[in-house]
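Here the structure comes first, spelled out in structure tokens, and everything after it is commentary.
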Amino acid sequence: MSPFISPSNTAVPSADMFLATTAEESCWDKSKKIVFLGEWCRRFSKAESWEALETETLPDPWVDPAVRQAAYEDIGRIYERLLPRLGDALNELHGEKHGLRYWRLTVGHWLYEYISVLYDRHATLLGALELHPGISTVILAQSGMVVPRSSYDFIRLLLTETYNLQIYTRILGAIGQDAHPQITLPPPQALPVPAKHGASPKFRAFARSLIGGTLNALGRGRLILHDSFFSRAFELQLAVKTKGRVLPCMTIAGDGRAPISNPSSRHKLGELLSDADGFESVLVKLLPHDIPTCYVEGYTATTEETKRYPKSPCAIFSANSWAYDEVFKQWAGRCSEHGTRLIGAQHGGGYYGISTYFFYIHWELSIVDHYFSWGWRPNGNDATKVQPMCATLLSGKPQIPPDNRKFGILYVGTAEPRYLHTMQFLTGHFIQYLDWQAKFLQASPDAIRDALVVRLYPEEYGWDIRARWEAIAPTTAFDDTTRPFLDSLKSCRLYVSDHLGTTFYQSMAANRPTILFFNPDFNPLLPEAQKAFDNLRHAGIVFDTPEDAVAAISLCYKDVEGWWNASGIQAARIAFCAGYARTSSTAIDDFAREFSREI
């Protein structure tokens with residue numbers, strides 16, 4: 001039974017109801033009562049439109065901790081069953097003989113996210129159909145459907161209404177529920193990534209092409225750094241310190257032209273995947289249609305791109321290329337099968353070594369030989385693989401001690417996609433997160449509101465977060481998100497965050513006065529992490545409600561130097577950083593020593 005259904009619920013005939021699966025209003029039948037499949041359908045900026053209709057919104061089924069835990073474990077089991085079969089099928093399709101680790105590295109991350117997405121969409125659709133049998137909806141015409149080019153293209157497409165309608169349409173077809181009117185929409189385009197601060201892309205490409213070829217040609221037998229999260233100066237110092245045995249990789253990606261989808265190859269892939277029951281039967285039926293072209297039609301072209309990379313390195317180190325860089329993944333996978341050691345590193349703060357729900361770290365540890373954390377070490381079989389080190393992202397960054405001469409409270413928020421990607425971040429939880437932002441503002445006196453400079457996440461994902469802030473506090477000052485975060489941090493007197501994100505770790509490591517409030521129920525902490533955060537709560541740095549955070553800000557803002565420099569505060573900060581945001585004045589020597597051991 002679907003997690004939507006409880007013993008007190010009874011199905012009601014729904015011939016006069018319409019199921020809206022996305023926020024695309026042109027797909028709604030407004031002559032009927034509209035049942036929204038989830039909160040993602042109700043755009044804040046379009047509230048005047050949907051509030052005038054008769055509507056019902058189905059709850060997020062995963063916010064029940066027991067249901068979420070069961071789903072998380074079920075997705076993991078399905079992933080481990082399907083990955084070897086998909087690897088064997090891709091070997092057969094491409095005439096290759098790669099082992100499971102290679103396919104776990106190249107296609108595994110996409111597969112896990114794809115399973116998670118289909119698992120969620122499948123369950124929510126079944127729940128709606130059980131609650132409202134006979135309900136009508138619309139499906140997407142074939143002309144509006146697309147195949148992702150890569151795993152990252154898949155993630156960016158998931159941010160669009162049309163691609164999610166495509167997924168719902170295919171699931172309805174797979175379960176025999178496709179007798180609905182079709183709607184024709186333009187094929188979705190993956191949303192572009194917001195621009196970053198710094199040199200122009202053309203200049204960066206020119207600089208890479210100027211020196212990249214020479215460095216890559218020298219790569220044989222050396223340790224190669226790729227998207228290390230070290231600064232370029234730090235990488236060059238490492239190269240000098242190790243006498244050239246550690247070199248940065250500056251390979252330029254290809255032109256990225258998408259290959260034409262080949263139905264016969266995808267049909268063959270479908271035949272190679274054995275059948276299954278229940279949800280898995282839907283999964284193996286749809287996967288051949290949805291798997292990105294880089295794993296099927298574009299696989300050979302990706303292989304050719306790997307020739308741009310250094311040949312036969314003794315080791316490859318990366319903090320941020322394992323998930324979405326398709327050429328890098330295939331290159332690293334092929335190198336590992338010939339003896340190259342793969343070394344990973346934590347690339348951000350957030351939930352590394354902290355959260356119960358965090359597939360990414362388990363996947364990273366499964367594909368590398370050695371791993372550098374920001375200070376923590378896991379329990380269990382992976383403990384020997386993980387080595388606590390200073391954080392790559394934090395290394396070499398200056399301290400920014402408290403300064404009463406500064407003015408302002410830098411409030412840093414976040415955003416999560418409206419459509420679920422994995423069980424780590426739930427739509428229902430994000431709605432509660434937005435409510436907490438409103439509660440923070442409502443609890444704040446005018447003095448705090450006037451001091452706020454709000455730094456929103458670069459993407460709002462359709463949540464209209466800035467508009468929500470302005471609806472409560474129209475005069476709110478917003479930070480420029482293209483400005484480097486540390487520059488903004490230097491200019492404020494106090495940093496406040498409403499979520500457990502990388503900027504919290506940056507502020508703590510920089511010794512900037514910091515207050516964090518977040519709901520620990522969203523992502524239950526591991527026992528060892530719980531102790532660390534309890535220490536921060538006791539010290540008065542971390543709070544469990546927005547109202548408590550406001551009260552703390554009111555007490556400490558006038559004299560952040562006296563508050564932050566107190567022995568209890570500093571002891572708690574230093575202890576936390578040692579385990580989760582470690583820095584070192586000898587970082588160059590530390591990494592040079594460890595990399596030399598790998599060589």
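Everything quoted here is computed from the prediction, not taken from an experiment. One-based numbering along the sequence shown.
- Ion pairing between Arg101 and Asp369 holds under the 4.0 Å rule for side-chain N and carboxylate O.
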Review point. Between Lys97 and Glu337, does a salt bridge (charged side-chain N to carboxylate O under 4.0 Å, His left out) hold up when you go through it step by step?
Key: CA-CA 11 Å; Lys97 297 181 180 180; Glu337 293 185 324; over 6 Å; no
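- Tyr457 OH: 12 or fewer foreign heavy atoms inside a 6.0 Å radius.
- A distance of 4.0 Å separates OG in Ser116 from CD1 in Ile75, rounded to the nearest 0.5 Å.
- Ionic pairing of Glu326 and Lys329 is present here: one or more N-O contacts between side-chain nitrogen and carboxylate oxygen are shorter than 4.0 angstrom.
- In this structure, Leu118 and Phe279 have side chains that are in contact, with non-hydrogen atoms separated by less than 4.5 Å.
- Between Leu126 atom CG and His122 atom NE2 the span is 4.0 Å, to the nearest 0.5 Å.
- Side chain of Arg377 to backbone of Ala383: a donor-acceptor contact under 3.5 angstrom is found.
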Point to revise | Verdict with reasoning, Tyr357 to Gln69, per side-chain hydrogen bond (donor to acceptor under 3.5 Å, both in side chains) | key: CA-CA 9 Å; Tyr357 299 105; Gln69 179 67 30; 3.0 Å; yes
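- Residues His109 and Trp363 place their aromatic rings such that the two centres sit under 6.0 Å apart.
- In this structure, the side chains of Tyr461 and Leu159 come closer than 4.5 Å at one or more pairs of heavy atoms.
- Using cut-offs of 30° and 60° on the angle between ring planes, the pair Phe317 and Phe372 is tilted.
- Taking 4.0 Å as the cut-off between side-chain N and carboxylate O, Lys30 and Glu25 count as a salt-bridged pair.
- The side chain to side chain contact (heavy atoms under 4.5 Å, CB included) test with Pro148 singles out one residue from Tyr295, Trp110, Tyr114, Tyr163, and that residue is Tyr163.
- Closest approach of Val138 and Cys27 over heavy atoms only: CG2-O, 3.5 Å.
- Taking 4.5 Å as the limit, some side-chain heavy atom of Leu140 sits within range of a side-chain heavy atom of Thr162.
- Between Met423 and Arg68 the shortest heavy-atom distance is O-NH2, 2.9 Å.
- For the pair Glu305/Trp331, no side-chain contact is recorded, criterion being any heavy-atom separation below 4.5 Å from C-beta on.
- Interatomic distance, Leu269 CG to His94 NE2, rounded to the nearest 0.5 Å: 8.0 Å.
- Evaluation of the ring pair (Phe, Tyr, Trp, His ring centres under 6.0 Å) rule for Tyr419 yields Trp40 as partners, not counting sequence neighbours.
- Within a 6.0 Å radius of NE2 in His362, other residues, nucleotides and ligands contribute more than 12 heavy atoms.
- Distance alone, capped at 3.5 Å, places no donor-acceptor pair between the Gln387 side chain and the His370 backbone.
- Scanning both residues, Gly108 and Leu83, for their nearest heavy atoms gives CA-CD1, 4.2 Å.
- Relative orientation of the Phe359 and Tyr79 rings is perpendicular, given thresholds of 30° and 60° on the angle between their planes.
- Relative ring orientation between Phe430 and Trp463 is described as tilted, the plane-to-plane angle lying within the 30° to 60° band.
- Taking 4.5 Å as the limit, some side-chain heavy atom of Pro61 sits within range of a side-chain heavy atom of Thr124.
- Checking Gln346 against Tyr371 by side-chain atom types alone, no donor-acceptor pair falls below 3.5 Å.
- For the atom pair Leu111 CG and Thr106 OG1, the distance stands at 10.5 Å (nearest 0.5 Å).
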Exercise for review: Could you walk me through whether Glu56 and His132 pass side-chain hydrogen bond (donor to acceptor under 3.5 Å, both in side chains), step by step?
Suggested key: CA-CA 11 Å; Glu56 169 189 342; His132 299 295; 3.2 Å; yes
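- With sequence neighbours left out, Asp290 forms a salt bridge (charged side-chain N to carboxylate O under 4.0 Å, His left out) with Arg170.
- By the salt bridge (charged side-chain N to carboxylate O under 4.0 Å, His left out) test, Glu39 is found to be paired with Arg42, residues two or more places apart in sequence or in another chain being considered.
- For the pair Leu283 and Ile78, the tightest heavy-atom approach, listed with the atom from each and the gap, is CD2-CG2, 3.7 Å.
- No donor-acceptor distance shorter than 3.5 angstrom exists from the side chain of Asn523 to the backbone of Ser355, with no hydrogens or angles considered.
- Side-chain contact between Val284 and Arg85 is present, with heavy atoms from C-beta onward closer than 4.5 Å.
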Check your understanding: Asn164 and Thr21: side chain to side chain contact (heavy atoms under 4.5 Å, CB included), yes or no, with the steps?
Key -> CA-CA 8 Å; Asn164 281 280; Thr21 57; over 6 Å; no
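- Between Arg77 and Asp74, at least one side-chain nitrogen of the basic residue sits less than 4.0 Å from a carboxylate oxygen of the acidic one, meeting the salt-bridge criterion.
- If you take CZ on Phe154 and CD1 on Ile291, they are separated by 11.0 Å, rounding to the nearest 0.5 Å.
- Considering every non-hydrogen atom in both Ser151 and Pro292, the closest pair reads N-CG, 4.1 Å.
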Exercise for review: Quick one: do Thr422 and Glu113 satisfy side chain to side chain contact (heavy atoms under 4.5 Å, CB included)? Show the steps, please.
Suggested key: CA-CA 6 Å; Thr422 69; Glu113 291 190 319; 4.1 Å; yes
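- Ring geometry for Phe358 versus Tyr360: interplanar angle of 30 to 60°, hence tilted.
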Practice item. Before giving the answer on side chain to side chain contact (heavy atoms under 4.5 Å, CB included), spell out for Phe425 and Leu420 the whole-Å C-alpha distance, their side-chain angles and the decisive distance to 0.1 Å. Key: CA-CA 7 Å; Phe425 302 112; Leu420 181 145; over 6 Å; no
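- Taking a cutoff of 4.0 Å between a charged side-chain nitrogen and a carboxylate oxygen, Lys307 and Glu304 qualify as a salt bridge.
- A heavy-atom distance below 4.5 Å is not found between the side chains of Asp325 and Asp227.
- Here the side chains of Glu24 and Leu165 are not in contact, with every heavy-atom distance at 4.5 Å or above.
- Closest of all the heavy-atom pairs between Cys41 and Trp28 is O-CZ2, 3.6 Å.
- For the atom pair CD1 of Ile135 and CG of Leu19, the computed distance is 4.5 Å after rounding to the nearest 0.5 Å.
- Put simply, the side chain of Glu161 never gets that close to the backbone of Thr22: no donor and acceptor are under 3.5 Å apart.
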Review point. Glu280 and Leu82: side chain to side chain contact (heavy atoms under 4.5 Å, CB included), yes or no, with the steps?
Key: CA-CA 9 Å; Glu280 288 186 62; Leu82 183 56; 5.6 Å; no
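- Salt bridge annotation for Arg334-Glu96: present, with a cationic side-chain nitrogen under 4.0 angstrom from a carboxylate oxygen.
- With respect to Lys385 and Glu364, no salt bridge is recorded, no charged nitrogen being found less than 4.0 Å from a carboxylate O.
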Check your understanding: Should His347 and Tyr352 be marked as a side-chain hydrogen bond (donor to acceptor under 3.5 Å, both in side chains) after you check the CA-CA gap, both sets of side-chain angles, and the distance that decides it?
Key -> CA-CA 9 Å; His347 75 272; Tyr352 274 97; 3.0 Å; yes
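- Counting only N and O atoms by type, the side chains of Gln330 and Thr303 include a donor and acceptor under 3.5 Å apart.
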